[in-house]
Amino acid sequence: MGEHPLIAAYRTFSPTSAARAERAVKVFPGGDTRSSAHYDPYPLAVASGTGCRITDVDGHEIVDFMNNFTSLIHGHAYAPVVDAVQDQIAKGSAYAAPSIEQLELGELICSRVPSVEQMRFTSSGTEGTQMAIRCARAATGRQKIMKMEGGYHGSYELAEVSLVPRPNEAGPEEAPASLAVDASFPTSVLDDTIVCPYNEPLYAEQLIEAHAQDLAAVLVEPMLGSMGMIPATREFLQTLREATSRHNIVLVFDEVITLRLSEGGAQKNLDITPDITCMGKIIGGGLPIGAIGGREDLLALFSPRQERPVMHASTFSGNALTMAAGFAAMSNYEGADSVRLNELGERLRGGFNEVFQKHGVKARAQGAGSLTNILFTDEPVTNARQALASMIDGGHITALLHLTMLRHGVMSASRLMYSVSSPMDKSHIDHALHALDQTMAELVPYIAKERPNLLAA
Ligand SMILES: Cc1ncc(COP(=O)(O)O)c(C=O)c1O
């Protein structure tokens with residue numbers, strides 16, 4: 001069987017990216033050095049970006065709804081960030097010494113995020129969630145961590161347990177199995193992780209009660225990002241808040257993605273205060289960053305004035321360049337900016353859903369605020385198992401939609417995740433809606449042949 005015509009069309013569209021990919025396989029396994037940024041047949045290679053547009057190596061201008069997995073709140077080459085970085089790089093990039101810029105960004109974040117009384121910078125979101133776990137273990141003397149089924153907290157084993165709850169292995173809904181994502185997971189990590197179904201307050205409470213004596217922390221994203229931008233209900237998070245408080249378990253909100261939803265993150269919108277908050281992505285202004293913040297007595301465990309502080313070294317944490325970029329980005333992202341971006345996100349979801357209806361396809365755009373994901377289902381999706389079922393139903397159509405949208409000038413994550421950035425306005429949303437309309441016109445004949453279950457009756 002020959003190649004799918006829509007994949008062949010993508011190849012025709014992107015010959016220079018294809019040539020780069022052929023070179024890349026000689027250097028990088030499978031041509032890839034970042035799992036989340038790879039897709040088949042090969043990813044589009046980018047030459048430059050400015051505002052909300054990127055230019056690929058074949059010269060196409062594409063509106064970027066990927067924003068480096070939601071981290072570029074101001075898009076590319078945002079002038080205040082460029083100025084701040086140029087100014088700073090000329091003065092050096094990293095000193096292994098404190099700087100005023102570190103303090104300024106830290107003060108800004110502490111003043112905005114309700115749970116953050118004190119904080120520390122890390123070099124990535126991954127390192128931030130790792131430090132949250134170590135802080136919680138040190139604070140409680142307990143070892144086990146509860147995380148959500150389908151939750152993602154970075155690139156290490158515990159942070160990925162049951163990221164993909166495969167139907168034949170996932171176990172009972174009320175007490176999901178701890179699943180490895182790949183063959184690298186030690187069983188000790190699986191044994192130390194309690195997996196909780198998302199948006200199920202009753203089951204969550206039962207699991208916390210059953211494991212309270214061993215639980216150091218409950219780790220939760222206010223929106224299940226990797227599984228298709230599934231917002232948590234307030235009731236669910238409130239149940240976690242109350243049950244963890246009863247047993248002195250540290251409640252950790254991973255706001256690495258959701259911080260953008262208001263000037264103080266999802267927690268401010270929800271009015272629920274966790275003990276620790278993990279941050280990352282937008283606070284670095286486009287440079288690598290992460291952070292952990294929270295209750296002063298918990299953060300105090302890192303203090304060098306402790307007899308045996310929780311150890312956190314990290315060569316590039318709080319480096320001068322990232323601090324300069326982060327401060328420029330965050331001081332230009334205030335409450336009113338988040339409201340505007342959230343409205344654009346609403347408009348995008350509403351418009352996408354109208355296009356799917358027009359073409360009679362069972363797909364929906366979901367999410368909240370400036371964060372959106374398309375899933376192939378006509379039912380609301382509230383947990384990871386439902387999301388995975390819709391991904392299985394969507395099959396290769398997800399990839400075809402993604403590749404065809406690229407040809408029509410819209411970049412998203414290959415799992416169809418879209419985020420809005422501040423250089424965007426309604427015209428960019430309209431551009432995306434038009435691109436989806438054109439994409440569906442091309443795709444529907446193939447859906448009818450290859451996945452007729454996705455067509456509305
Ligand atoms: C919710 C969440 N937590 C943590 C991380 C890890 O952050 P980083 O990739 O900066 O290590 C991510 C990354 O996508 C994330 O989405």
Side-chain angles (χ1 to χ4, degrees), residues 32-38 65-73 109 113 119-136 145-164 181 193 196 198 217-232 237 240 251-261 265-267 274 276-294 312 314-319 322 325-326 329 367-373 384 387 412-419:
D32 170 53
T33 175
R34 178 180 175 193
S35 305
S36 55
H38 179 78
F65 284 86
M66 155 76 101
N67 287 306
N68 192 26
F69 281 88
T70 78
S71 60
L72 305 176
I73 198 72
I109 291 170
V113 186
M119 65 167 295
R120 289 173 75 87
F121 287 110
T122 62
S123 301
S124 64
T126 293
E127 189 185 313
T129 62
Q130 278 171 335
M131 287 304 134
I133 289 168
R134 288 181 60 181
C135 179
I145 306 295
M146 176 182 280
K147 78 174 285 290
M148 303 302 135
E149 196 167 47
Y152 178 74
H153 304 285
S155 206
Y156 59 103
E157 299 91 338
L158 197 155
E160 296 174 349
V161 170
S162 294
L163 177 61
V164 185
V181 164
T193 311
C196 177
Y198 201 67
V218 170
L219 185 53
V220 62
E221 296 161 85
M223 177 150 36
L224 209 50
S226 293
M227 270 291 145
M229 294 298 169
I230 304 171
L237 294 177
L240 296 181
L251 179 62
V252 182
F253 276 8
D254 180 345
E255 294 235 39
V256 167
I257 287 183
T258 53
L259 197 73
R260 57 163 44 228
L261 293 178
Q267 60 192 263
I276 286 184
T277 299
C278 299
M279 295 161 279
K281 297 207 194 274
I282 65 166
I283 64 168
L287 270 64
I289 198 167
I292 163 180
H312 172 222
S314 187
T315 303
F316 286 102
S317 281
N319 74 79
T322 299
S370 56
L371 298 163
T372 296
N373 209 108
S412 70
S414 56
R415 64 170 189 263
L416 307 183
M417 191 239 341
Y418 300 75
S419 68

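Read the numbers this way: they start at 1 and go in the same order the structure lists the ligands and their atoms.
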Please check if the side chain of [X] supplies one atom and the backbone of [Y] the other of a donor-acceptor pair under 3.5 Å.
X      : Y      : result
Asp32  : Arg34  : yes
Glu255 : Gln267 : yes
Thr258 : Met223 : no

I want to check something: taking the side chain as every heavy atom from C-beta on, are [X] and [Y] in contact at a cut-off of under 4.5 Å?
X      : Y      : value
Val218 : Met148 : yes
Cys278 : His153 : no
Ser370 : Leu261 : yes

Exercise for the section: Work out whether the distance between some heavy atom of Glu127 and some atom of ligand 1 is less than 4.0 Å. Expected result: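 Distance cut 4.0 Å: Glu127 fails for ligand 1.
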
Atom indices of ligand 1 within 4.0 angstrom of [X] heavy atoms, with elements:
X      : answer
Ile257 : 16 (O)
Ser124 : 10 (O), 11 (O)
Glu221 : 1 (C)
Asp254 : 1 (C), 2 (C), 3 (N), 4 (C)
His153 : 3 (N), 4 (C), 5 (C)

Practice task
Please confirm whether Lys281 comes within less than 3.5 Å of ligand 1 when only nitrogen or oxygen atoms on both sides are compared.
Solution key: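 There is such a contact, yes.
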
Practice task
Record the part of Thr126 in heavy-atom contact with ligand 1 below 4.0 Å; permitted values are side chain, backbone, both and neither.
Solution key: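 Both backbone and side chain of Thr126 come within 4.0 Å of ligand 1.
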
Exercise for the section: Please work out whether any backbone atom (N, CA, C, O) or any side-chain heavy atom from C-beta onward of Phe69 is under 4.0 Å from ligand 1, and answer side chain, backbone, both or neither. Expected result: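 No part of Phe69 comes within reach of ligand 1.
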
Handout entry: Identity of the nearest option to atom 7 (O) of ligand 1, non-hydrogen atoms only, from Gly280, Gly225, Gly125
Key =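 Considering heavy atoms of Gly280, Gly225, Gly125, the nearest to atom 7 (O) of ligand 1 sits in Gly125.
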
Handout entry: Nearest-0.5 Å distance, CG of residue Leu259 to CG of residue Asp254
Key =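 The distance works out to 10.5 Å.
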
